[in-house]
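Just below is one structure, and these are the notes that go with it.
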Amino acid sequence: MQARHAISALFAASVIAACTPSASDTGTPDQGADTASDPQDEFFAALSTHCGKAYSGELVSDDESDSDFADARMVMHVAECSEDRIAVPFHVEQDGEWNRSRTWLITRTDDGLRLKHDHRHEDGTEDAVTMYGGDTGDAGTARAQSFPVDDESIAMFEREGLDASVTNVWTVEVDPADAENARFAYQLQRTLAGGAPEDRFFRVEFDLDNAIPPPPAAWGHEAD
């Protein structure tokens with residue numbers, strides 16, 4: 001008798017389960033299902049796959065104001081990676097001398113990602129124009145994130161007489177290390193439509209398929 005009751009209970013439970021609509025039937029999210037990926041997390045993870053590696057690059061834009069960069073050797077080095085910050089020094093050789101004054105800093109914030117430019121002199125002291133940049137205005141994509149200039153940077157640009165820079169938008173693009181024809185790009189743009197006195201476009205690209213020996217540390221970061 002007890003065995004028959006057990007079988008009946010088991011059968012009833014299976015019928016109830018079969019008749020109960022699933023999460024996909026009702027449109028209710030399945031608590032166990034994977035949630036959609038965050039493009040900013042994917043972007044940060046893609047850049048992190050290059051940690052410790054350096055790559056050569058070149059200027060690909062053609063603004064006359066950047067003519068000094070046209071034939072310059074360029075190296076980007078993903079020198080520092082943590083869960084919330086990635087430091088990428090940008091080295092440029094001009095007239096046989098390496099300028100190691102620039103480091104791009106990408107950090108996580110409560111609302112997204114932030115890009116800042118750490119500019120130093122050769123003795124390691126900060127340039128008068130440094131730590132400018134902006135925060136992501138939208139989710140972007142796993143490959144590209146844009147950073148409109150922030151209020152702090154606008155105030156600094158105005159103080160330093162760099163009024164043309166108050167409409168800057170920076171864009172960083174990166175492919176993960178296992179991607180085919182992987183590239184990294186850094187871009188600065190401002191437009192007449194966006195309120196700039198004239199159009200401005202600067203873009204450098206780096207070949208991520210061929211790592212090179214890391215360069216010396218960026219100025220001011222030798223002890224990092």
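Listed here is the closest heavy atom pair of Asp209 and Ala179: OD1-O, 3.8 Å. Residues Pro216 and His91 approach most closely at O-CE1, 3.2 Å, considering heavy atoms. Residue Ala46 comes nearest to Val174 through the heavy atom pair CB-CG1, 4.1 Å, listed as atom of the first residue, atom of the second, then distance. Minimum interatomic distance between Val92 and Arg102 (heavy atoms only, all atoms of both residues): CG2-NH1, 3.9 Å. Listed here is the closest heavy atom pair of His77 and Pro214: NE2-CB, 3.7 Å. In this structure, Thr136 and Gly112 approach most closely via the heavy-atom pair OG1-CA, 3.8 Å.
Take Tyr132 and apply the ring pair (Phe, Tyr, Trp, His ring centres under 6.0 Å) test, not counting sequence neighbours, and it matches His117, His119, Phe157, Trp170. Remark: Glu205 engages Arg203 in a side-chain hydrogen bond (donor to acceptor under 3.5 Å, both in side chains) (not counting sequence neighbours). Shown here are the ring pair (Phe, Tyr, Trp, His ring centres under 6.0 Å) partners of Phe201, two or more places apart in sequence or in another chain: there are none.
Other residues, nucleotides and ligands contribute only 12 or fewer heavy atoms inside 6.0 Å of the CG atom of Asp151.
As a member of the Ile/Leu/Val/Met/Phe/Trp/Tyr network built from side-chain separations under 4.5 Å, Val75 groups with Trp98, Ile212. Side-chain contacts under 4.5 Å among hydrophobic residues (ILVMFWY), followed directly or transitively, place Met131 together with Leu105.
In this structure, Thr141 contributes its side chain and Arg143 its backbone to a donor-acceptor pair below 3.5 Å. A donor-acceptor pair is defined here as one N or O able to donate and one able to accept, closer than 3.5 Å; no such pair exists between the side chain of Glu97 and the backbone of Asp95. At distances below 3.5 Å, at least one donor-acceptor pair connects side-chain atoms of Asp38 with backbone N or O atoms of Gln40. Remark: side-chain polar atoms of Glu173 are not paired, donor with acceptor, to backbone N or O of Gln145 under 3.5 angstrom. Side chain of Ser153 to backbone of Gly133: a donor-acceptor contact under 3.5 angstrom is found.
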Item to check | Test side chain to side chain contact (heavy atoms under 4.5 Å, CB included) applied to Phe90 and Met74, step by step | outcome: CA-CA 7 Å; Phe90 172 44; Met74 299 179 180; 3.9 Å; yes
Checklist entry - What do the steps show when you test Ser82 against Asp84 for side-chain hydrogen bond (donor to acceptor under 3.5 Å, both in side chains), and what is the final call? => result CA-CA 5 Å; Ser82 69; Asp84 57 11; 3.0 Å; yes
Next on the checklist: I'd like to know whether Asp207 forms a side chain to side chain contact (heavy atoms under 4.5 Å, CB included) with Arg183, so could you lay out the CA-CA distance, the side-chain angles of the two residues, the decisive distance to 0.1 Å, and finally the verdict.
Outcome noted: CA-CA 5 Å; Asp207 177 8; Arg183 291 291 183 272; 3.1 Å; yes
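Rounding to the nearest 0.5 Å places CD of Gln94 at 12.5 Å from CZ of Arg73. One distance of note links CG of Asp138 with OG of Ser146; it measures 7.0 Å at 0.5 Å rounding. Taking CG of Asp175 as the start and CG of Leu47 as the end, the distance is 11.0 Å to the nearest 0.5 Å. A distance of 7.5 Å separates CG of Asp135 from OG1 of Thr107, quoted to the nearest 0.5 Å. Rounding to the nearest 0.5 Å places CG of Leu208 at 11.5 Å from CG of Asp178.
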Pair up each side-chain donor or acceptor in residues 52-60 with any protein partner under 3.5 Å, not counting sequence neighbours, and list the distances.
{"from": "Tyr55", "atom 1": "OH", "to": "His50", "atom 2": "ND1", "distance (Å)": "2.8"}

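For the residue pair Asp123 / Thr125, a side-chain donor-acceptor distance below 3.5 Å is found, with atom types taken as modelled.
Side-chain contact check for Leu162 versus Val129: some heavy-atom pair is nearer than 4.5 Å. Side-chain contact between Leu113 and Arg108: present, with at least one pair of heavy atoms (C-beta onward) separated by less than 4.5 Å. The shortest side-chain heavy-atom distance between His221 and Pro89 does not fall under the 4.5 Å cut-off. Looking at heavy atoms from C-beta onward, Asp127 lies out of side-chain contact with Ser101 at the 4.5 angstrom threshold. Contact annotation: the side chain of Arg200 never approaches that of Gln189 to less than 4.5 Å [non-hydrogen atoms, C-beta and beyond]. You'll find the side chain of Val172 reaches within 4.5 Å of the side chain of Phe184, heavy atoms only. Between Trp104 and Asp118, every side-chain heavy-atom pair lies at or beyond the 4.5 Å cut-off. Side-chain contact between Glu158 and Val166: present, with at least one pair of heavy atoms (C-beta onward) separated by less than 4.5 Å.
By the rule that hydrophobic residues join a cluster once side-chain heavy atoms approach within less than 4.5 Å of another member, Met76 and Trp219 end up as members of separate clusters. Hydrophobic clustering keeps Val169 apart from Val149 (ILVMFWY residues linked when any side-chain heavy atoms are closer than 4.5 Å, directly or through intermediates).
Contact check on Glu152 versus Lys116 returns a salt bridge, with a Lys/Arg side-chain nitrogen under 4.0 Å from an Asp/Glu carboxylate oxygen. Taking a cutoff of 4.0 Å between a charged side-chain nitrogen and a carboxylate oxygen, Asp199 and Arg190 do not qualify as a salt bridge.
For the pair Arg114 and Phe147, the NZ or CZ position fails the cation-pi test of under 6.0 Å to the six-membered ring centre and within 45 degrees of the ring normal.
Separation of the Phe202 and Phe69 ring centroids falls under the 6.0 Å cut-off.
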